[in-house]
J.: 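Please read through the structure below; I'll follow up with questions.
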Amino acid sequence: MTTPNELRLLPWSGSGDKPCYLSTDDPDGYMSRLADDIEAAQLGTARELLEEASEALDNEDTSHDEMRCLVRELTGALRDIFRVATSRGRRQPPSDPRESTY
């Protein structure tokens, strides 16, 4: 059984924007694979938005409304990516600071 500190933060929210967690020892289970697929889609969306933002910044004709819309989409993507990073960071084994490569 998974202990509370081993719960996987899922890449979506529950009601009231509360975090959802998965308790499983099976990384190949249906819910784990679904979460992996959604994380991959979120990362892909963020990559596309980053490219779009770079193009918009280089284009002097980008309107104020277009930039506001892009910032709104980027904010959502950043929220998703932060959740993915948090989830993946929690699933990493603790590192030994003596093995740091810095």
Side-chain angles (χ1 to χ4, degrees):
M1 179 75 181
T2 305
T3 62
N5 64 343
E6 293 174 329
L7 296 175
R8 177 179 179 171
L9 176 64
L10 294 172
W12 58 81
S13 298
S15 61
D17 203 33
K18 293 184 180 180
C20 291
Y21 295 93
L22 176 63
S23 174
T24 183
D25 292 329
D26 184 7
D28 296 319
Y30 175 78
M31 291 301 292
S32 293
R33 287 182 290 130
L34 178 63
D36 290 342
D37 291 345
I38 291 174
E39 285 181 357
Q42 290 171 329
L43 291 169
T45 297
R47 185 180 319 106
E48 292 168 6
L49 283 170
L50 181 57
E51 291 172 13
E52 188 177 329
S54 294
E55 291 171 8
L57 288 170
D58 291 340
N59 183 353
E60 294 179 12
D61 295 329
T62 302
S63 73
H64 181 72
D65 287 340
E66 290 171 322
M67 289 301 277
R68 286 182 55 85
C69 180
L70 184 57
V71 167
R72 188 175 295 115
E73 292 176 8
L74 284 166
T75 301
L78 184 58
R79 186 177 300 114
D80 291 342
I81 297 310
F82 181 74
R83 184 178 304 222
V84 170
T86 300
S87 176
R88 291 182 178 184
R90 288 180 180 172
R91 289 183 279 148
Q92 293 294 318
S95 62
D96 185 343
R98 296 172 292 176
E99 295 178 7
S100 177
T101 58
Y102 294 109

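Treat the numbers as computed from the prediction; the structure is a model and nothing was measured.
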J.: First locate atom CD of Gln42, then atom CG of Leu78, and finally report the distance between them rounded to the nearest 0.5 Å.
T.: 12.0 Å

J.: Show which residues join Ile81 in its hydrophobic cluster (side-chain heavy-atom contacts under 4.5 Å, direct or indirect), or state none.
T.: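 When side chains under 4.5 Å apart are linked, the cluster holding Ile81 also contains Leu43.
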
J.: Sequence neighbours excluded, which residues qualify as side chain to side chain donor-acceptor pair (under 3.5 Å) partners of Ser54?
T.: none

J.: Below 3.5 Å, can you tabulate the donor-acceptor pairs from side chains in residues 27-41 to any protein atom, sequence neighbours excluded?
T.:
residue: Ser32; atom: OG; partner: Asp26; partner atom: O; Å: 3.1
residue: Arg33; atom: NE; partner: Asp28; partner atom: O; Å: 2.9
residue: Arg33; atom: NE; partner: Gly29; partner atom: O; Å: 3.4
residue: Asp36; atom: OD1; partner: Arg8; partner atom: NH1; Å: 3.1
residue: Asp36; atom: OD1; partner: Arg8; partner atom: NH2; Å: 2.7
residue: Glu39; atom: OE1; partner: Arg88; partner atom: NE; Å: 3.1
residue: Glu39; atom: OE1; partner: Arg88; partner atom: NH2; Å: 3.2
residue: Glu39; atom: OE2; partner: Arg8; partner atom: NH2; Å: 3.3

J.: Under the side chain to side chain contact (heavy atoms under 4.5 Å, CB included) rule, collect the residues that match up with Glu48, sequence neighbours excluded.
T.: none

J.: Who else is in Val84's hydrophobic cluster (ILVMFWY, side-chain heavy atoms under 4.5 Å, direct or via others)?
T.: none

J.: Determine whether Val71 and Leu57 fall in the same hydrophobic cluster, where Ile, Leu, Val, Met, Phe, Trp and Tyr are linked whenever their side-chain heavy atoms lie under 4.5 Å apart.
T.: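 Not linked; separate clusters.
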
J.: Going by side chain to side chain contact (heavy atoms under 4.5 Å, CB included), name the residues that satisfy it together with Ser13, two or more places apart in sequence or in a different chain.
T.: Asp17, Arg83

J.: Roughly how far apart are Phe82 CZ and Ser87 OG, rounded to 0.5 Å?
T.: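 Separation between the atoms: 11.5 Å.
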
J.: Kindly state each residue pair satisfying salt bridge (Lys or Arg N to Asp or Glu O under 4.0 Å) with at least one member in residues 55-64, sequence neighbours excluded.
T.: none

J.: Checking Cys69 now: which residues fulfil side chain to side chain contact (heavy atoms under 4.5 Å, CB included) with it, not counting sequence neighbours?
T.: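 Per chain and number, Cys69 pairs via side chain to side chain contact (heavy atoms under 4.5 Å, CB included) with Glu73.
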
J.: How close do Thr62 and Ala56 get, heavy atom to heavy atom, and via which atoms?
T.: OG1-O, 3.0 Å

J.: Which residues pass the side chain to side chain contact (heavy atoms under 4.5 Å, CB included) test with Ser15, not counting sequence neighbours?
T.: none

J.: Identify, with sequence neighbours excluded, every residue that meets salt bridge (Lys or Arg N to Asp or Glu O under 4.0 Å) alongside Arg47.
T.: none

J.: Rounded at 0.5 Å granularity, tell me how far CG in Leu49 sits from CG in Asp80.
T.: 10.0 Å

